[in-house]
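A short worksheet on the structure shown next.
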2 protein chains.
Amino acid sequence: MTDVARRDATRPSTLHDVAALVGVSPRTVSRVVNDQGGFSEATRVRVMDAVNELRYRPNVMARGLITRRTNTVAFIAPVLNDPFFPEVADSVQTAAAACELTLFLAMSKGDVDVEHDVLLRLNAHAPDGVIIYPAGGGSEHLLSHLDQGMRMVLIDTEVDHPNAVSVVSNLRGGAGLAVERLVQRGCKKLAMIASTKSGPTLHRRESGFLDALPAGMERIVQAIDPTVEGGYAMASSLIEQHPDIDGIFAYNDVVAIGAIQALQASGRSVPGDVAIVGCDDIEMGSVVTPALTTIRIDRERLGNLAVRALVALVEDKPVDSPSVLDVELVVRESG
Amino acid sequence: MTDVARRDATRPSTLHDVAALVGVSPRTVSRVVNDQGGFSEATRVRVMDAVNELRYRPNVMARGLITRRTNTVAFIAPVLNDPFFPEVADSVQTAAAACELTLFLAMSKGDVDVEHDVLLRLNAHAPDGVIIYPAGGGSEHLLSHLDQGMRMVLIDTEVDHPNAVSVVSNLRGGAGLAVERLVQRGCKKLAMIASTKSGPTLHRRESGFLDALPAGMERIVQAIDPTVEGGYAMASSLIEQHPDIDGIFAYNDVVAIGAIQALQASGRSVPGDVAIVGCDDIEMGSVVTPALTTIRIDRERLGNLAVRALVALVEDKPVDSPSVLDVELVVRESG
DNA sequence: TTGAAAGCGCTAACAA
DNA sequence: TTGTTAGCGCTTTCAA
């Protein structure tokens with residue numbers, strides 16, 4: 001008795017322990033635990049009682065060694081200090097938990113090499129799949145992982161590979177909405193603060209912006225690191241180069257907030273002198289002054305779509321890729 | 001050849017594959033890979049070449065089955081939509097990665113039952129340890145996991161158990177700093193907006209506030225859900241009950257931001273009519289208007305301390321618990 | 001409806 | 001310096 005109690009404290013009980021307690025073979029316990037059928041109701045009850053008594057939990061590693069499934073999913077964001085990504089992480093984690101999937105979290109810093117390393121390390125843990133915001137700038141390394149059998153859901157990026165599916169937001173349309181709004185407001189000279197960090201995403205926002213620009217309007221697009229500081233610096237430089245800019249579309253809300261600060265610091269009013277529209281709709285956007293007008297990406301839906309797509313991919317079920325997520329304009333004060 | 005290539009695509013190569021290629025036993029490869037010594041330099045080179053050629057990566061599950069270490073750590077935050085927690089997660093993830101540890105992420109919603117479930121599920125993956133912001137309100141369930149051998153680093157919570165260590169911020173002192181600042185400003189009637197969600201943490205901030213209150217000053221402390229909305233609601237109700245309140249210490253920055261909005265909505269100026277000091281120093285605090293005066297918790301250090309403590313705990317090395325993290329007053333505009 | 005045997009990929013004892 | 005044997009906890013043939 002004492003012995004059992006002591007062992008209990010050190011080593012979790014195993015299938016064998018349960019089997020021994022019930023007086024059946026491990027195989028039978030396994031059948032019950034995995035609900036594979038082929039056992040009597042009486043056996044089921046006795047086994048489950050023992051499972052509860054011994055607090056038995058299957059060892060995922062032993063199981064994974066055989067089934068090649070670990071019930072884990074990795075989420076890789078470029079950074080966590082842009083509030084948008086934690087908000088997505090939150091929704092991915094919630095959706096994953098609903099599917100009994102445990103989440104690995106990693107960051108790429110928006111750097112391809114870091115991303116590659118992260119993927120390598122993650123790969124050792126054999127996640128069933130990976131949900132990733134790829135760092136911009138090339139996807140050869142992604143292909144190499146895909147070739148080795150890793151399943152991936154790529155957000156806002158499209159890669160043609162049987163092991164990859166994409167979930168993309170209609171950012172091109174969103175950029176159009178932003179331009180439309182600014183023009184409607186009466187802006188005569190628009191600029192876009194783009195990002196140096198994101199490949200395809202950037203291009204979608206950027207081309208959406210350019211395409212929506214009224215004919216004859218100057219095409220001003222400049223890229224920076226997508227941070228508050230980056231937005232601040234770029235807005236400063238932009239109004240110095242083009243003092244008559246009266247509307248800005250920012251790569252994302254964080255950049256927009258930096259831009260607002262820069263404009264205010266230079267004595268301009270937002271949206272009076274310069275109107276600004278951001279992108280993402282992070283929570284912070286509604287508590288800054290002026291509150292941010294922005295393009296909303298529904299992270300709730302995004303996370304759900306991504307997890308659902310991943311599960312389908314892992315189970316070799318048909319998935320339509322890319323799934324496209326609609327975005328909407330949220331009008332507040334800044335633009 | 002074709003066969004090998006095909007297998008390569010489906011199944012990662014194993015220790016055996018490497019051993020076969022080199023012409024040694026698996027054990028030798030294992031020794032080299034784990035750098036355990038007991039092999040010649042020539043062997044090492046040949047093995048490593050084969051490792052690279054076959055892109056061999058050890059299977060963590062098979063290894064973990066024997067060593068009982070998985071090189072994973074779980075981080076459990078109550079929520080992710082308060083920016084403070086992602087900022088901590090970021091630093092924990094970075095510190096963990098530096099120790100070759102992969103991070104699981106989970107959320108408790110500040111709910112003891114959810115927390116228990118999360119721990120149960122996580123436990124199946126046998127993380128080497130768990131870093132957790134415990135949901136307030138009882139730690140019996142934590143003890144049950146600790147008793148079963150789970151190692152934990154508890155943030156801002158103290159539990160007396162050989163498998164637990166704590167990392168706590170000096171929030172009691174921080175609250176003192178906040179009161180001191182408000183009194184220095186000339187505030188005559190202070191209130192604290194506390195949290196219903198956090199047990200010991202709450203108490204530390206709360207008792208720190210109360211203890212620092214000048215003799216004779218009314219003791220007003222009311223608790224809400226620590227969100228922007230919560231802060232808004234409580235500030236509204238507080239100034240209705242006590243219209244002469246001229247200083248508020250908020251449980252955290254998110255609450256402080258909500259409070260500022262409520263005060264401004266009621267026509268009061270911050271800090272003119274009511275000064276506000278928050279806690280945490282989230283990034284958002286510096287971009288709202290007025291910029292937040294707050295008590296800074298250094299998440300960088302926090303994450304490092306937590307991971308370091310965990311590693312020591314896991315390796316059965318001595319750790320001093322609790323490690324205490326100093327906090328500092330950051331004066332901006334709100335208070 | 002149940003069980004015995006094999007083996008997933010790896011490391012730990014113990015030889016040699 | 002190297003190899004052999006065993007077994008971590010589980011699931012999967014296959015047989016009873």
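All chains are named by letter (A, B, ...) in the order of the sequence lines, taking the proteins before the strands, and each is independently numbered beginning at 1.
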Return no unless some side-chain N or O of [X] is found under 4.0 Å from OP1 or OP2 of [N].
X	N	value
B:Thr43	D:dT1	no
B:Arg69	C:dT11	no
B:Arg44	D:dT1	no

Revision key, fill the gap. Residue set satisfying ring pair (Phe, Tyr, Trp, His ring centres under 6.0 Å) with A:His125, at least two apart, ordered chain then number -> A:Phe104
Find the distance [X]:[atom1] to [N]:[atom2] and express it as a whole number of Å.
X	N	atom1	atom2	result
B:Arg68	D:dG7	CZ	P	14 Å
A:Ile66	D:dC8	CD1	P	13 Å
A:Asn59	C:dC8	CG	P	18 Å
A:Tyr56	D:dT11	OH	C1'	10 Å
B:Arg63	D:dG9	CZ	C1'	18 Å
A:Glu41	C:dT2	CD	P	11 Å
A:Met61	D:dC8	CE	P	14 Å

Check your understanding: Of the non-hydrogen atoms in A:Ala306 and A:Val153, which two are nearest, and what is the gap between them?
Key -> O-CG2, 3.6 Å
Exercise for review: Answer yes or no: is there a side-chain heavy-atom contact under 4.5 Å between B:Val159 and B:Ser166?
Suggested key: no
Check your understanding: Can you find a pair of side-chain heavy atoms, one from B:Val18 and one from B:Leu15, that are under 4.5 Å apart?
Key -> no
Practice item. Can you figure out which of C:dT2, D:dG9, C:dC10 approaches the side chain of A:Phe39 most closely? Key: C:dT2
Revision key, fill the gap. From the candidates D:dC8, D:dT12, D:dC10, the one with an atom nearest any side-chain atom of B:Leu65 is D:dC8
Check your understanding: Among residues 25-37 of chain A, which residues get a heavy atom nearer than 4.0 Å to DNA chain C?
Key -> A:Ser25, A:Arg27, A:Thr28, A:Arg31
Review point. If you pin B:Ala62 and B:Arg46 to their nearest nucleotides in DNA chain D, which one's is more 5'?
Key: B:Arg46
Practice item. For B:His161 and B:Asp147, test the side chains for any donor-to-acceptor distance below 3.5 angstrom and give the result as yes or no. Key: yes
**Study point:** Side-chain donor-acceptor contact under 3.5 Å, B:Arg63 with B:Asn34
**Key:** yes
Review point. Do the charged groups of A:Asp17 and A:Arg55 touch, with an N to O distance under 4.0 Å?
Key: no
